[in-house]
Participant: 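Below is one structure. I have some questions about it.
First the proteins, then the strands, lettered A, B, ... as listed; each starts at 1.
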There are 2 protein chains.
Amino acid sequence: MRQRSLRDHNLALVLRHVTAANRPPSRAEIAAASGLTRATVSTIVDELIAGGLVAELEPVSRSGVGRPGTGIVPAGTGPAGLGMEVNVDYLAVCAVDLTGAVRHRQVRHLDQREHSPAQTWQALGELADQAVAAVAARGLTPAGGVIAVPGLVEGDTIRIAPNLGWQQVALPRPEDLGGLRGLPLDVANEATLAALGERHATGLRSFLYVSGEIGIGGGIVLDGELFGGSRGWAGEIGHVTIDPQGPDCHCGSRGCLEQYAGEEAIRAAAGLPAGATVLADLAAGAARGHAPVLDALEQAGTALGVALSGAVNLLDIATVVLGGHYAELIDWLRPAIERELTRRVITARWSPVKVRASALGADAALVGAARAVTQAILDDPARFLATRTAAE
Amino acid sequence: MRQRSLRDHNLALVLRHVTAANRPPSRAEIAAASGLTRATVSTIVDELIAGGLVAELEPVSRSGVGRPGTGIVPAGTGPAGLGMEVNVDYLAVCAVDLTGAVRHRQVRHLDQREHSPAQTWQALGELADQAVAAVAARGLTPAGGVIAVPGLVEGDTIRIAPNLGWQQVALPRPEDLGGLRGLPLDVANEATLAALGERHATGLRSFLYVSGEIGIGGGIVLDGELFGGSRGWAGEIGHVTIDPQGPDCHCGSRGCLEQYAGEEAIRAAAGLPAGATVLADLAAGAARGHAPVLDALEQAGTALGVALSGAVNLLDIATVVLGGHYAELIDWLRPAIERELTRRVITARWSPVKVRASALGADAALVGAARAVTQAILDDPARFLATRTAAE
DNA sequence: CCCTATAAGTTCAATGGCTGAACAAACAAG
DNA sequence: CTTGTTTGTTCAGCCATTGAACTTATAGGG
């Protein structure tokens, strides 16, 4: 039972080298980097090629003396991960291949607050159908799907998604989403998946991801791994206390970060009207140097800085990534955030905390959901190969 | 290079089963629990016995039909871990065997603030000498030492230990501590090690440890593993912000938890005189129902609850362990802490956060330091066996 | 007291996977 | 065209695990 697991481990090890390298590595380079023998790497690469997970490049002549190596690349055709996102006013679907490249992407505006979950699943199913068809046309095989939702997820049910108005909604069955019949399907928190997306897009190994939308979500990546906590509910930075005596929050507490740096709070502080264009209004106002907007962003940044300082003190993390609306407002948020971090993080004087904007922007959760699927394959290729051969 | 590592892995797997079981398991039971074959377990156990890490019990007749199994126990004679603690007004040394049992313990009162680090090392060396002698007399072989200090440690140097008045102090060489010549020696943060000690004493797999002494320290255990953060500085909950506009803190920030729940803050709020008996005075006052003391503890508990809520929201951890002075004051701190947790932790309504007192009390860091040594052996017995045979 | 059933531990040939060395293939430089 | 260098493959050997057979030790029943 453990003899085979050695091979499984090395399968993953080699595949990881192939996907992580910035240049297609040869078998010999993989061997040198991984500590395995060239012989072992050869047989493992053969197995991966047979399974359709990697492919050989045309033997291109490279610089240097000696026989040139044939580059190994993640298979462009092969399994694809489907990412789906249910948000307040839109649905989205995308597909990524093993390299992490987005091969399909589609967004459809639909306000979930006006529809039942069943209707949402129906609409999402149509998008998923089209994605499966588009992906298949490119020679890829869908290998599974993950749905990102802005709420607390426990196992296969959505406990509560306040901004969607959902409570205790069950994950749809794969066959309810049409083309996903027979494939593994999962739900997870939007911000958590966005953090995963950022992890791959940026290459950062440890960071705190904070996303400002209507609510504030967060995700924690530690040493390359998503940290979920005991029950997968980690990262809820939106309800960290900024001021114990602060304004009441809909969560039942007082002085939560969301009351200072949530979209609604910033809008109100800036004196802007409610509506669908709050983000655009804020960005425009800030760009024009409108004082109430700048002050509102400064206050939000200060509150964010206080919350982030606590998190950094607790976790000793060197980088903070701002996503969602924050990414577009970063220029006006950053000064206050960095001021608070410098002041409040006890180790900041030796190693300052870096604050950067999301690399994926609004697509982070969507792409992260899709990558969760491919990541599972990369982490345990043997399992994927087993199910693949079992299906034939 | 990886063929051997399979054996190494299984060596650790079997040893873990032996130490984790609450009743000496037989080879057959280990096999059933670990998924290995009885044959494999037999050869592995033989290797562990030969290396002196485990031992067979006398074949005691147990209930049930069939040939009774011979229990396997961690070797009572064998490697011992040395834990050392440098605190403000005392030094301490202890030794634990592989079972985690404390086999030697000695405390010596010495105020570090009146002495140089070199003098501290000298005094600690004397204690270590005696510990090594005492341990050897019991048939144990010291396998390494870890020193716990109340400060920030980076690699082999103590960056800063405010309450000791230390800055940039280097770890002493093993030969400077007498009997430790030739053994691996390490330093680490006191609260971090205390968390490790609690992890083993309580068997909890994930919790947040908070220790209230003159300063406030913390440690995070996730899924059985100590979480150190990027640079080992995780757990600094003492400087999480409670109120951004709160009183100045010596760390340069404002409104840190230490300003509300540190020993000095509680003492001042309770109207007690400064001195060496603050803890005893507080406990006595609270037991007598003295109102100013009760109010001070209530306030401290509230601040602790706010800080812990933020941490729990962020990490999704189900249990909080209170150590140091907090352990003795828990009856008066708990109501306020739990009130804030219930109110501020977003998932508390479904799964309340448990608050409990340290199981090891004041010895947590000391025992944790010693266990760090034995834990390293348990985690990678092959390495230990290799150095052991190399030395012969 | 003997026989049977049951479970623990050991022995041993077989298997799976890794290793190291030898070898063939592909290329650059002279 | 030869030499030197590096890549990839082949193959015998080794190491660890496996599964089955076997021995040992106990309880229970006649």
Participant: First locate atom CG of A:Leu193, then atom CE of A:Met84, and finally report the distance between them rounded to the nearest 0.5 Å.
Facilitator: 11.0 Å
Participant: Provide, to the nearest angstrom, the distance between the CG atom belonging to A:Leu13 and the P atom belonging to C:dC18.
Facilitator: 11 Å
Participant: Quickly work out the A:His9 NE2 to C:dC18 P distance and round it to whole Å.
Facilitator: 10 Å
Participant: To the nearest 0.5 angstrom, please state how far the CG atom of A:Leu48 sits from the CD1 atom of A:Ile72.
Facilitator: 9.0 Å
Participant: Under a 4.0 Å N-O cut-off, is there an ion pair linking B:Asp8 with B:Arg383?
Facilitator: no
Participant: When you check every protein heavy atom under 4.0 Å of nucleotides 5-10 of chain D, what one-letter string (B, S, -) results, 5' to 3'?
Facilitator: BBBBBB
Participant: Does a side-chain N-to-carboxylate-O contact under 4.0 Å join A:Arg199 and A:Glu225?
Facilitator: no
Participant: Is there a salt bridge (Lys or Arg N to Asp or Glu O under 4.0 Å) between B:Glu47 and B:Arg7 once you walk through the steps?
Facilitator: CA-CA 10 Å; B:Glu47 199 169 329; B:Arg7 167 55 62 98; 2.5 Å; yes
Participant: May I ask you to say whether B:Glu56 pairs ionically with B:Arg27, meaning some side-chain N is under 4.0 Å from a carboxylate O?
Facilitator: yes
Participant: In this structure, how many angstroms lie between the C1' atom of C:dC18 and the CG atom of B:Asp8, rounded?
Facilitator: 14 Å
Participant: Compare all side-chain heavy atoms of B:His17 with those of B:Glu29 and state whether any distance is below 4.5 angstrom.
Facilitator: no
Participant: Rounded to the nearest 0.5 Å, what's the gap from OG1 on A:Thr77 to CZ on A:Arg103? Could you check?
Facilitator: 8.5 Å
Participant: Taking N or O atoms only and anything under 3.5 Å, show me the protein contacts with nucleotides 13-16 of chain D, one pair per line.
Facilitator:
from: D:dC15; atom 1: O2; to: B:Gln3; atom 2: NE2; distance (Å): 2.5
from: D:dA16; atom 1: OP1; to: B:Arg4; atom 2: NH1; distance (Å): 3.1

